Amino acid sequence: MSTKPVSYSPQSPRLLDQLREVLRYKHYSLRTEEAYVYWAKFFVRWHGRGGPVRHPRELGAPEVQQFLSMLTTQRNVSVSTHNQALSALLFLYREVLGVQLPWLDDMQRPTRPRRIPSVLTVTEVAALLGAMTGVELLLAKLLYGTGMRLNEGLRLRVKDVDFDRRVLVVREGKGGKDRVVMLPQSLDAALRSQMALSRTVWERDRQQQQPGVEVPDALATKYPGLGQRWGWFWVFAAPKLSIDPRSRIERRHHLYEERLQRAIKLACAAGQIHKPVSVHTLRHSFATHLLQAGTDIRTVQELLGHSDVSTTMIYTHVLKVAAGGTASPLDALQAYQPLAPTPPRACREPAALYC
């Protein structure tokens, strides 16, 4: 293994802290940071089972191959999980340790099969939403009505809601990109009411001199008190304070992700929906129903925030399946009446028993 200078030299003595430093230096998301730290820790501990723990510098190509093989053969992980583990190890060796592993460059990642996403019909969406109440209902309607991802909806700030232009600005979506989506007219009153509730929470925090909400990058340093302004407050603010996982400051966060996930599972049971349904199914249904209504695929691509239209094309396959445009040959048989079977001739021999 050859070494090369890394783009950023971490200062922490511990390996996992060094990994976190480099991830934050490169502005990776918190979810990616948690996943990469998990795989690095898992990799070291798995090779140290029943013996002394060795530093990743002492582990080479055979150990990495053994670990990846174990994930596939013993744990039966999915292709996405396998690729995530491989990406984490590549980042650890290349960006943190500065170690070149040429054999990894030639390693082929497992091919991810093309799956058609689960999509609800309009009737099923109505049944699902009809079984929900409260803020979970408003959030589910917002995700279905705009095509936003769960985190994009939860991280919606007051300043990004434009009632006059009837648009929502999605900040730092997948890939760190911003985009604009429509604001459903039917949610105008409910969204204004939700923002009024959030205003009450914001005013109580200001009276109690609580720290402001989390703001991206170094804006809190450049503009002191920015996180305490009403425009930066969450539309879906959490009812309780929580500890920021990075700064360790107790502050107001947005609603917890699993709150809507649990509500959708309960609503599916109440609405007798037997398809596999998650929060992301609302986004799939949004795109499919737009295409079904005749919306241009390029418009759907922009609303979803896809970089390549080929990603959006998957919903055209869903549309074909849902529309059922191709007639089955079995249905064509209904136009033909089968002839009555001819009865067998009666046997004239005495031994009619053998006919």
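Being a predicted model, the structure only gives us computed values, none of them experimental.
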Could you pull out all residues at least two apart from [X] that satisfy side chain to side chain donor-acceptor pair (under 3.5 Å)?
X      : value
Lys177 : Ser307
Arg54  : none
Ser310 : Asp308
Thr311 : none

Point to revise | Electrostatic pair Glu203-Arg199, nearest N-O below 4.0 angstrom | key: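 Result for this pair is yes, salt bridge flagged.
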
Pairs touching [range] that satisfy salt bridge (Lys or Arg N to Asp or Glu O under 4.0 Å), sequence neighbours left out:
range            : value
residues 259-270 : Glu136-Arg259, Glu258-Arg262
residues 269-291 : Glu124-Lys275
residues 184-193 : Arg166-Asp188, Asp188-Arg192
residues 39-52   : none

Review point. With hydrophobic residues grouped by side-chain heavy-atom distances under 4.5 Å, do Leu241 and Val135 end up in a single group?
Key: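 No, Leu241 does not connect to Val135 through the hydrophobic network.
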
Check your understanding: Does Val169 belong to the same Ile/Leu/Val/Met/Phe/Trp/Tyr cluster as Val215, with side-chain heavy atoms less than 4.5 Å apart forming each link?
Key -> no

Check your understanding: With under 30° as parallel and over 60° as perpendicular, where do the rings of Trp230 and Trp202 fit, or are they tilted in between?
Key -> tilted

Exercise for review: Look at the aromatic rings of Trp39 and Phe67 and report parallel, tilted or perpendicular, splitting at 30° and 60°.
Suggested key: perpendicular

Check your understanding: How would you list all residue pairs meeting ring-ring contact (aromatic ring centres under 6.0 Å, His included) that involve residues 138-161, not counting sequence neighbours?
Key ->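 Those involving residues 138-161 are Tyr144-His289.
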
Check your understanding: Does any pair with a residue in residues 110-132 pass ring-ring contact (aromatic ring centres under 6.0 Å, His included), and if so which ones, sequence neighbours excluded?
Key ->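 Matches after skipping sequence neighbours: none remain.
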
Exercise for review: For Thr312 and His306, test the side chains for any donor-to-acceptor distance below 3.5 angstrom and give the result as yes or no.
Suggested key: yes

Practice item. Before giving the answer on salt bridge (Lys or Arg N to Asp or Glu O under 4.0 Å), spell out for Arg24 and Glu33 the whole-Å C-alpha distance, their side-chain angles and the decisive distance to 0.1 Å. Key: CA-CA 8 Å; Arg24 295 177 186 182; Glu33 176 184 323; 2.9 Å; yes

Check your understanding: In Å, rounded to the nearest 0.5 Å, how long is the span from CZ of Arg179 to CG of Leu168?
Key ->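 So the gap between those two atoms works out to 10.0 Å.
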
Exercise for review: Starting from the C-alpha separation in whole Å, work towards a yes-or-no answer on side-chain contact (heavy atoms from CB on, under 4.5 Å) for Leu282 and Ile264.
Suggested key: CA-CA 10 Å; Leu282 298 175; Ile264 285 184; 4.0 Å; yes

Check your understanding: Taking all non-hydrogen atoms of both residues, which atom of Ala131 and which atom of Ala270 are closest, and how far apart?
Key ->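 Looks like CB-CB, 3.9 Å.
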
Check your understanding: Does a side-chain heavy-atom distance below 4.5 Å link Leu68 with Thr72?
Key ->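 Not in contact.
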
Review point. Are Leu191 and Val235 side-chain neighbours, meaning at least one heavy-atom pair lies under 4.5 Å?
Key: yes

Check your understanding: Are more than 12 heavy atoms from other residues, nucleotides or ligands located less than 6.0 Å from atom OH of Tyr223?
Key -> no

Study note, to complete from the structure: Leu137 meets the side-chain contact (heavy atoms from CB on, under 4.5 Å) criterion, sequence neighbours left out, with Leu129, Met132, Lys141

Point to revise | Criterion salt bridge (Lys or Arg N to Asp or Glu O under 4.0 Å) on Glu257 and Arg155, from CA distance to verdict | key: CA-CA 10 Å; Glu257 299 171 2; Arg155 294 173 182 170; 5.2 Å; no

Check your understanding: Can you tell me if Arg252 uses its side chain to pair, donor with acceptor, with the backbone of Val213 under 3.5 Å?
Key -> no

**Study point:** For Tyr36, all residues meeting ring-ring contact (aromatic ring centres under 6.0 Å, His included), sequence neighbours excluded
**Key:**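 For Tyr36, the residues satisfying ring-ring contact (aromatic ring centres under 6.0 Å, His included) (neighbours in sequence not counted) are Phe91.
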
